[in-house]
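Data block below; observations after.
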Amino acid sequence: MIVAEGLTKFYGERVGIVDIDFSVRKGEAFAYLGPNGAGKTTTVRLLMGFMRPTRGRAIVMGVDSRDDRKMARVREEIGYLAEDFSFPRGLKGKEILGYYSRIRGGAGRAEEILELFPLDLNKKVEEYSKGMRQMLALALALSHDPDLLILDEPTTGLDPLMRDRLLNFLREEVRRGKTVFFSSHVLSEVQRVADRICLIKEGRIVALEDLPSLLSKLGKLVKVRLKEPLDVRRLEGVARVLSQEGREVVLAADRYSELLALLAEHGVEDVEIRNMTLEEVFMHIYKR
Amino acid sequence: MLNYARFDFRLRRRALLGWSLVLSVIIALTVWSWGEEEELQRLYEELFKQFPEELMKLFGKGVPEVLGAEAFYVLNYFAWIYIVILGAYLAFVGAGAVVDDLLERTGPLNLSLPLSRRDLLLARFLSIAVLVLGLTVASLLATFLFAALMGVEELIGRNIVLLHLHAIPYLLLCVSVGMLLGTVLPPALAKPVSAGLVVLDYVMDTMSMGTALEPLGYLTASRYFPALEIATKGTVSALDLGVLSALVAIALFLAMLIYEGKDMPI
């Protein structure tokens, strides 16, 4: 559904993204993660054809995103939600929904979507809260039943209930064969929805894997409280030290027997071994 | 595309109503000032004769041979309100058709529609063109209504209709030049610069009339809209209309071409 090939964008001298390569398969939920300024929104703009890449290209549903006229047809099948947007002023929610749906050529699922995200459509959009505006934008992005969803921070401004509904909805859409490309800061949400994850840092991809592989990439998380302080350099080779505070050491490891044998020499008061969360993997990769 | 043009015009309805009201008030005051009293009209003529020629050119788009109701109409209303201020507003709106998606952050909704950039810009041009037609009708109707009410028969006729019809390509040129500037200038500058350019164009045209700078005047758009001549003599030049129409097409085409490849960091 989406292929990025050497996708690069410079804003003058400033780097947007560099040599981004990935592909998103049909029926997949693909999460695009990175800290602020990493290049997530730049990538989304290039995919949507809002900007032209400095080099490389993005193919969206078989069309080069630089070809505006062909992209116009492809956009019929895309549900797009931007991170930052405004509605035209002076209109009621129902007018916005009505006009934009007519221009898109339909809103077959509008009722269903509005049941999920209930809104007072008789209010002017200026009177909407941030969450209500986000729900209206989601209704606009989803109600024409697109095959591909490109969502930039879709849960921004939503309350926990609506957030939960959206995540369930997205998962259900993927089950129905729809493709979801989304960016988010909230890693627990990503973990609920994504099949594959792409992490970017300073405009470059630093990890691109399916969720289970990414979570096991660094091994398990080992939290140890020792009887006496230890020179952690001694653990190098069998584990990666994530943090140390006095006698408490947090490690990432996959060679447990060697690690435990080494630690046992120093006396272990307490030990906890568990899978890493996406947040811990994310933090580790970005702190490197 | 037409669905989008209809939607875009819905957003401009308030502007049509507001401008119609303002134009009607100014027309009413203009027609009322001229009135029916010949004594008062002679007084105006004497008064305007005292004015420096440059001032007459600037405010009347030329110097009338005789100050009749039509010349008074151009001098008091049409030249500055309709040609300059409305023209500047429409250039501002034309530039806004490109840059407001960035400045007001409406781009994510509009540019993600299944419309090419060319179609989007053309739809917006059409919607502004409907606004121009609406204002033409409003200005004509207000002129005829107040002229009938106040007994100024000279203003109810062919010349005033021709004047308004000739204004249409001129005003559309203001729109398309605004659009073109919107595609090439930084977003924050595009709207004020477009509006300012219309004022500058008019001043250059009128101030160069009959001077050594006359050739400069032919480079201005408003030179091809001789409002005073049309209002007083009822003559329309096909060349003027052709130049204005060709310029509209060129500016719009260039705007569409540049807009198609323009980065919109929305």
Side-chain angles (χ1 to χ4, degrees), chain A residues 9-12 16 41-42 44-54 66-92 95-106 125 133 136-137 140-141 144 146 148-152, chain B residues 1-18 93 96-124 126-128 130-131 182-183 186-187 253 255-266:
Chain A
K9 181 70 185 177
F10 287 97
Y11 299 99
T41 299
T42 296
V44 170
R45 288 169 180 166
L46 293 172
L47 295 182
M48 289 298 293
F50 298 157
M51 297 196 303
R52 287 177 171 243
T54 308
R66 292 170 297 187
D67 188 334
D68 183 54
R69 269 173 273 185
K70 285 186 181 164
M71 275 302 286
R73 283 199 294 277
V74 164
R75 283 196 285 263
E76 277 179 27
E77 295 304 326
I78 298 179
Y80 170 65
L81 177 75
E83 183 190 9
D84 187 20
F85 61 86
S86 281
F87 294 108
R89 278 176 283 181
L91 297 179
K92 291 176 181 171
E95 290 176 294
I96 299 257
L97 200 58
Y99 278 117
Y100 278 99
S101 300
R102 217 167 299 141
I103 298 162
R104 280 187 199 282
V125 284
R133 274 186 280 137
L136 181 59
L140 284 172
H144 60 297
L148 171 63
L149 298 174
I150 296 182
L151 310 172
D152 200 356
Chain B
M1 187 183 74
L2 289 179
N3 273 333
Y4 187 84
R6 256 197 295 274
F7 167 61
D8 198 64
F9 182 69
R10 163 71 183 80
L11 302 174
R12 303 188 191 283
R13 258 183 1 199
R14 202 177 288 180
L16 175 61
L17 288 174
V93 166
V98 174
V99 300
D100 282 349
D101 275 339
L102 293 165
L103 298 175
E104 297 184 8
R105 296 178 297 125
T106 48
L109 283 177
N110 294 323
L111 297 184
S112 64
L113 290 169
L115 280 175
S116 67
R117 296 260 190 106
R118 285 185 185 204
D119 285 351
L120 189 71
L121 203 60
L122 190 59
R124 287 175 174 167
L126 289 177
S127 125
I128 304 172
V130 175
L131 172 68
T183 61
F253 175 73
M256 283 160 66
L257 201 68
I258 299 169
Y259 186 52
E260 188 175 33
K262 185 179 167 66
D263 272 359
M264 297 292 279
I266 46 177

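So you know, we letter chains A, B, ... as the sequences are listed, proteins then strands, and number each from 1.
Of the atoms belonging to A:E95, it is side-chain heavy atoms, and not backbone ones, that fall under 4.5 Å from chain B. Of the atoms belonging to A:I96, not a single heavy atom falls under 4.5 Å from chain B. For a residue to count as touching a neighbouring chain, one of its non-hydrogen atoms must lie under 4.5 Å from one of that chain's; by this rule A:R73 does not touch chain B. Of the atoms belonging to A:M48, it is side-chain heavy atoms, and not backbone ones, that fall under 4.5 Å from chain B. With a 4.5 Å cut-off on non-hydrogen atoms, B:L113 touches chain A through its backbone and its side chain both.
Counting heavy atoms from C-beta outward, A:R102 and B:R6 have side chains that stay 4.5 Å or more apart.
Most heavy-atom pairs under 4.5 Å with chain A, from the set B:R14, B:R10, B:R118: that is B:R10. Contact tally against chain B (heavy-atom pairs below 4.5 Å) for A:V74, A:L91, A:T42, A:I78: the top residue is A:L91.
Across all their heavy atoms, A:P88 and B:F7 have their closest contact at CG-CZ, 3.9 Å. Here the closest non-hydrogen pair linking A:R104 and B:S112 is NH1-O, 3.6 Å.
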message: What verdict does the side chain to side chain contact (heavy atoms under 4.5 Å, CB included) test give for B:S116 and A:R75, after you've listed the backbone C-alpha separation in whole Å, the side-chain angles of each residue and the deciding distance to 0.1 Å?
response: CA-CA 10 Å; B:S116 67; A:R75 283 196 285 263; 5.5 Å; no

query: Checking side chain to side chain contact (heavy atoms under 4.5 Å, CB included) for the pair A:D68/B:Y259: CA distance, chi angles, key distance, verdict?
result: CA-CA 11 Å; A:D68 183 54; B:Y259 186 52; over 6 Å; no

- prompt: Yes or no on side chain to side chain contact (heavy atoms under 4.5 Å, CB included) for A:R89 and B:E104, after CA distance, side-chain angles and deciding distance?
  reply: CA-CA 10 Å; A:R89 278 176 283 181; B:E104 297 184 8; 3.1 Å; yes

query: For A:Y100 and B:N3, what are the C-alpha separation, side-chain angles and deciding distance, and is it a side chain to side chain donor-acceptor pair (under 3.5 Å)?
result: CA-CA 9 Å; A:Y100 278 99; B:N3 273 333; over 6 Å; no

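With hydrogens and angles ignored, the 3.5 Å screen pairs no side-chain donor or acceptor of A:R45 with any backbone N or O of B:M264. Checked by atom type and distance alone, the side chain of B:R117 pairs as donor or acceptor with a backbone atom of A:F50 at under 3.5 Å. Judged by distance alone, with hydrogens and angles left aside, the side-chain atoms of B:D263 form a donor-acceptor pair with the main-chain N or O of A:R52 at under 3.5 Å.
Checking each of A:I103, A:L140, A:L81 against B:L109 for a side chain to side chain contact (heavy atoms under 4.5 Å, CB included) leaves exactly one that passes, namely A:L140.
Here CE of A:M71 is found 13.0 Å from CG of B:L115. Values are rounded to the nearest 0.5 Å. In this structure, CZ in A:F85 is found 12.5 Å from CG in B:N110, a value given to the nearest 0.5 Å.
Judged as a ring-ring contact (aromatic ring centres under 6.0 Å, His included), and not counting sequence neighbours, B:F9 has no contacts.
In A:Y11, the OH atom is crowded: over 12 heavy atoms of neighbouring residues, nucleotides or ligands sit closer than 6.0 Å. When the shell of 6.0 Å around NZ of A:K70 is examined, it contains 12 or fewer heavy atoms from other residues, nucleotides or ligands.
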